[in-house]
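This report refers to the structure that appears directly beneath it.
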Amino acid sequence: MAAVIRSLIRNKSLNPLLKTESIPVRCYASANRVKPFKKVGISDKARNDARAAEMRSFAAGVEEEGALEVGQQIKSLGQSLASRGYLRPSKPYSPPEGIQQKIMDLAKSSNIGNPKQKFASNQQKFDFLAACFSAFKHGVPNSRLHEIESVEDTLAFYATPVDTTLPLDALKTVELPENLYIQHEYIRFHPETDTMFGGKSAFPKSSTIVTGLKYKDKYKGHVAKKSWP
C-alpha cells in the first residue's frame, strides 16, 4: 500500500488533492482601540509635584483650624458645666407668699386687664415676663416660652415650686419602713484600714480602683497582688 501511494505521488496524480488555495482573512480590529502611549515629560512631573505640595499645605491648614475649633468647643462646654453644675440645669425655686396678688399687680402695671386673654403682642409678653423675673428672680426657660400665652399661664408657672434634689438624696429625709435601709455612702475595702480579718479580703485577687474624679480623693484605691500572670 505504501508503495502504491509513493508511486501516485511520484506521478503527481494527487496534486489536485494536495493543492491548497489561500483564503482571505478579514480584520475587524479598529485603529482607535490602540492608543499610543504618552510619555510624561518633565514639565508634567513638575506641575504634579507643585499641585501635590499645594494640596498638602491646604490639608494641614484645614486640620489645624479644625483642631482649634474643637478645642474652643471643648473649652466652652467645660465652662458651661462649671457654671451650672452637674445635674443642676435650673435653680431651686419656692413660690413666695401672695404670689397671685403680685402677679396681678405686675399685669396691671403692664396694662393687661383680663388674665385669661392672650398677650396682645410679643413685646407685651416680653415686658411682662421681664417684670416677673425681676420680682421673683426666676425666669421662664426657653423650652416653655410657647406655653406661656396669658397671665393665667404665668401664674401657674410661678406658683409651681422647682426642686433640684436628686431622688436618692431626697430619700435621706423620708421616713423609711423598719425593714428597709439605704446605705448612701458605700464601703470600699482597703487592707490598711480594714484590719478586722488582718487586712485580708474575701476576694484577694480583685482590686478596688477608684476612677471617678468626684470620689478619687474620698475613697482610697487598692491594687491586689497577683501571683499569675
Side-chain angles (χ1 to χ4, degrees), residues 65-188 190 193 208-221:
E65 184 179 356
L68 292 176
E69 184 177 356
V70 171
Q72 293 176 356
Q73 292 178 357
I74 293 176
K75 185 177 180 181
S76 62
L77 289 175
Q79 292 177 354
S80 176
L81 290 174
S83 61
R84 70 181 183 179
Y86 182 64
L87 291 179
R88 296 295 188 272
S90 58
K91 296 180 180 180
Y93 167 75
S94 297
E97 296 181 359
I99 181 67
Q100 183 175 2
Q101 186 61 35
K102 292 180 180 179
I103 291 289
M104 293 303 174
D105 294 340
L106 293 174
K108 290 181 181 180
S109 62
S110 300
N111 298 325
I112 301 175
N114 189 0
K116 297 183 178 181
Q117 188 177 2
K118 293 185 178 180
F119 296 108
S121 61
N122 291 333
Q123 185 64 38
Q124 186 185 45
K125 178 179 179 180
F126 174 80
D127 295 338
F128 176 66
L129 292 180
C132 293
F133 176 77
S134 300
F136 306 113
K137 303 302 178 183
H138 179 58
V140 181
N142 295 336
S143 59
R144 298 195 59 185
L145 279 175
H146 67 284
E147 300 177 358
I148 309 299
E149 297 181 351
S150 61
V151 177
E152 190 176 22
D153 297 337
T154 308
L155 177 60
F157 173 78
Y158 279 97
T160 304
V162 178
D163 188 9
T164 58
T165 306
L166 295 177
L168 182 60
D169 296 337
L171 291 176
K172 295 179 180 180
T173 58
V174 175
E175 185 177 356
L176 300 175
E178 297 181 355
N179 61 342
L180 180 62
Y181 174 76
I182 299 177
Q183 184 175 347
H184 297 276
E185 299 294 336
Y186 56 88
I187 300 175
R188 300 182 70 96
H190 197 276
T193 56
T208 56
I209 301 176
V210 183
T211 57
L213 298 177
K214 182 178 180 181
Y215 297 101
K216 201 168 186 179
D217 297 335
K218 187 175 182 180
Y219 299 101
K220 190 175 181 180

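Values reported hereafter were calculated over all heavy atoms of this structure, with side chains retained and with hydrogens, waters and symmetry mates removed. Positions are given from 1 along the sequence. Note that the structure is predicted; figures quoted are calculated from it, not measured.
In the displayed structure, Leu213 atom CG is contacted under 6.0 Å by at most 12 heavy atoms of other residues, nucleotides or ligands. Few gaps surround CD on Gln183; more than 12 heavy atoms of other groups in view lie less than 6.0 Å from it.
Interatomic distance, CD of Gln101 versus CD1 of Ile99, reported as 11.0 Å (0.5 Å rounding). Atom CZ of Phe126 is separated from atom CZ of Phe119 by 13.0 Å, given to the nearest 0.5 angstrom. Here the CD1-OG1 distance, from Ile112 to Thr154, works out to 8.0 Å after rounding to the nearest 0.5 Å. Here Met104 contributes atom CE and Leu155 contributes atom CG; the two are 5.5 Å apart, rounded to the nearest 0.5 Å.
In plain terms, the two heavy atoms of Thr165 and Ala170 that are nearest each other are CG2-N, 3.8 Å. In terms of heavy atoms, Gly139 sits closest to Phe157 at O-CZ, 3.7 Å.
Considering only heavy atoms from C-beta on, His190 stays 4.5 Å or farther from Thr208 through its side chain. A heavy-atom distance below 4.5 Å is not found between the side chains of Ser150 and Pro115. Within the 4.5 Å cutoff, the side chain of Tyr158 has no heavy atoms near those of the Leu106 side chain.
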Do Lys91 and Val162 pass the side chain to side chain contact (heavy atoms under 4.5 Å, CB included) test, and can you show the C-alpha distance, the side-chain angles, and the key distance before you say yes or no? CA-CA 8 Å; Lys91 296 180 180 180; Val162 178; over 6 Å; no
Could you go through the side chain to side chain contact (heavy atoms under 4.5 Å, CB included) check for Ile103 and Phe136 one step at a time? CA-CA 10 Å; Ile103 291 289; Phe136 306 113; 3.5 Å; yes
Show me the donor-acceptor pairs within less than 3.5 Å that the side chains of residues 140-149 make with the rest of the protein, sequence neighbours left out.
| residue | atom | partner | partner atom | Å |
| --- | --- | --- | --- | --- |
| Arg144 | NE | Glu147 | OE1 | 3.1 |
| Arg144 | NH2 | Glu147 | OE1 | 3.3 |
| His146 | ND1 | Ser143 | O | 3.3 |

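Residue pairs meeting the side chain to side chain donor-acceptor pair (under 3.5 Å) criterion with at least one partner in residues 131-141, sequence neighbours excluded, do not occur; the list is empty. Residue pairs meeting the side chain to side chain donor-acceptor pair (under 3.5 Å) criterion with at least one member in residues 114-126, sequence neighbours excluded, are Gln123-Asp127.
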